[in-house]
Amino acid sequence: MTHLVNGFSKLSKEEKLNWIVTTYFKGDTSVKKSITSYWNTDKALQKLHDEFIENTITNFYLPLGVAPNFVINDKVYTLPMVIEESSVVAAASNAAKYWSARGGFKATVRSTEKIGNVHFIYKGDKKRLQQFIATVHSKFYSQTEHITRNMKKRGGGILAVELIDKTDELENYYQLHATFDTKDSMGANFINSCLEEFAAVLRTEAPLYELFTKEEKQLQVVMAILSNYVPNCLVRAEVSCKVEDLKSKEIPDPVYFVEKFIQAVKIAEIEPYRAVTHNKGIMNGVDAVVLATGNDFRAIEAGVHAFAAKDGKYTSLSHAEVEDGIFRFWMDLPLALGTVGGLTSLHPMVKFALELLEKPTANELMMIIAVAGLAQNFAALKSLTTTGIQQGHMKMHLMNILNQLKATDEERLRVQVHFETNTLTHSAVVDFVEKIRS
Ligand code: MEV
């Protein structure tokens with residue numbers, strides 16, 4: 001209880017930091033020094049970052065790497081990736097290079113519809129509710145005009161507002177199910193503002209609707225919020241080539257490779273324990289580009305995994321087949337993304353990432369990110385079904401181990417030479433460094 005605090009958000013950044021250090025670190029000045037060492041010396045830049053959220057005390061670094069050679073619909077991209085896991089960028093680059101020599105990735109946006117709901121409780125006659133919604137329907141559009149004006153100029157807006165009866169699942173529960181086109185913005189604020197106006201229409205109009213009984217007039221809005229489940233905001237990414245063209249240094253026998261690869265995908269299709277990890281590998285690529293481009297990775301994660309379970313059982317997002325000697329590997333992903341608004345022009349590194357991608361539209365970014373996911377999945381399955389994942393993974397993780405051990409340049413060199421011919425594990429590296437040191 002001694003750690004409870006009042007008015008914390010009103011303290012200055014320095015005061016907040018002092019409180020943290022005194023309360024949790026016995027006033028240890030080295031903690032304060034470590035935290036402030038992450039402050040940017042450019043005060044304006046630091047202020048910008050401080051103001052992204054509340055109670056900022058410092059910055060938290062993640063590396064921004066780049067994966068070149070992504071050929072997508074015949075255009076070459078270098079992908080910006082923000083991620084902490086050592087092997088992800090290397091795996092993406094490897095898959096990109098590999099497929100660049102085999103026609104590259106193809107991607108298509110299949111739909112771009114975003115969704116939001118007003119959830120409400122209505123106790124009364126269903127027919128009269130339908131009549132009421134039909135009567136006020138035009139108000140959903142007219143009363144949101146001030147919000148939709150600019151979006152309409154950009155070709156977007158409200159697509160439809162429908163009444164949904166959910167009373168068979170929850171007593172007296174109905175929804176307004178609204179669909180939107182938000183063009184190049186992710187559109188969360190736009191959608192939520194529209195939904196809150198729809199809710200206001202219900203609240204104001206229901207008590208005035210003459211055909212309603214007294215109880216029906218007490219229609220109660222529970223909440224109005226967008227949905228991060230966007231099964232109709234869908235992009236497809238795929239690769240294909242003749243089975244024999246898969247041959248490479250790492251794939252000496254493409255027929256055998258394809259057989260195992262497809263088997264691995266089929267396992268993920270039927271076995272949720274495997275599907276979750278399989279899809280996690282896809283999200284390694286997806287999240288890294290989502291983060292770099294300032295999009296909401298929690299929204300993407302939630303929506304993608306719901307989509308993976310849409311038929312009642314969690315399954316693989318990707319699929320593979322061979323038909324007439326052609327290997328095909330593909331995936332559909334629901335991705336609600338933005339390339340304008342939000343952090344896109346505010347965060348200098350997000351701005352850089354979007355410029356590196358040559359200022360994509362939201363549709364282009366959907367394709368790029370789906371490809372990043374498919375590439376990552378291809379790289380993971382290729383390793384898993386050939387050498388195993390640890391070989392590449394530990395090679396990339398070696399730097400972290402050496403940094404933990406504070407290895408000198410000479411020690412690093414000796415470690416590298418030694419593990420070219422020996423099995424690389426964390427304990428083997430520790431033992432070897434200890435041996436050199438003694
Ligand atoms: C590790 O981050 C991702 C993998 O586990 C994915 C997979 O198993 O497919 C390698």
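Atoms within each ligand, like the ligands themselves, are counted from 1 in listed order.
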Less than 3.5 Å apart, N/O on ligand 1 and N/O on the protein: could you list those pairs with the distances?
unit_1: ligand 1; atom_1: 2 (O); unit_2: Glu85; atom_2: OE1; d: 3.1
unit_1: ligand 1; atom_1: 2 (O); unit_2: Glu85; atom_2: OE2; d: 2.6
unit_1: ligand 1; atom_1: 2 (O); unit_2: Lys280; atom_2: NZ; d: 2.6
unit_1: ligand 1; atom_1: 2 (O); unit_2: Asn284; atom_2: ND2; d: 2.9
unit_1: ligand 1; atom_1: 8 (O); unit_2: Arg274; atom_2: NH1; d: 2.8
unit_1: ligand 1; atom_1: 8 (O); unit_2: Arg274; atom_2: NH2; d: 3.4
unit_1: ligand 1; atom_1: 9 (O); unit_2: Arg274; atom_2: NH2; d: 2.7

>> Please tell me whether Asn403 and Arg412 have a donor and an acceptor in their side chains that are separated by less than 3.5 angstrom.
In response: yes
> Checking Lys13 against Trp39: charged group under 6.0 Å from the ring centre and within 45 degrees of the axis?
Replying inline: yes
> Who are the salt bridge (charged side-chain N to carboxylate O under 4.0 Å, His left out) partners of Glu244, not counting sequence neighbours?
Replying inline: none
>> Is the terminal nitrogen or CZ of Lys266 (NZ for Lys, CZ for Arg) located under 6.0 angstrom from the six-membered ring centre of Phe261 and within 45° of that ring's axis?
In response: no
> Among all residues two or more places apart in sequence or in another chain, which pass the salt bridge (charged side-chain N to carboxylate O under 4.0 Å, His left out) test with Lys152?
Replying inline: Glu145
> Taking only residues two or more places apart in sequence or in another chain, which ones pass salt bridge (charged side-chain N to carboxylate O under 4.0 Å, His left out) with Asp184?
Replying inline: none
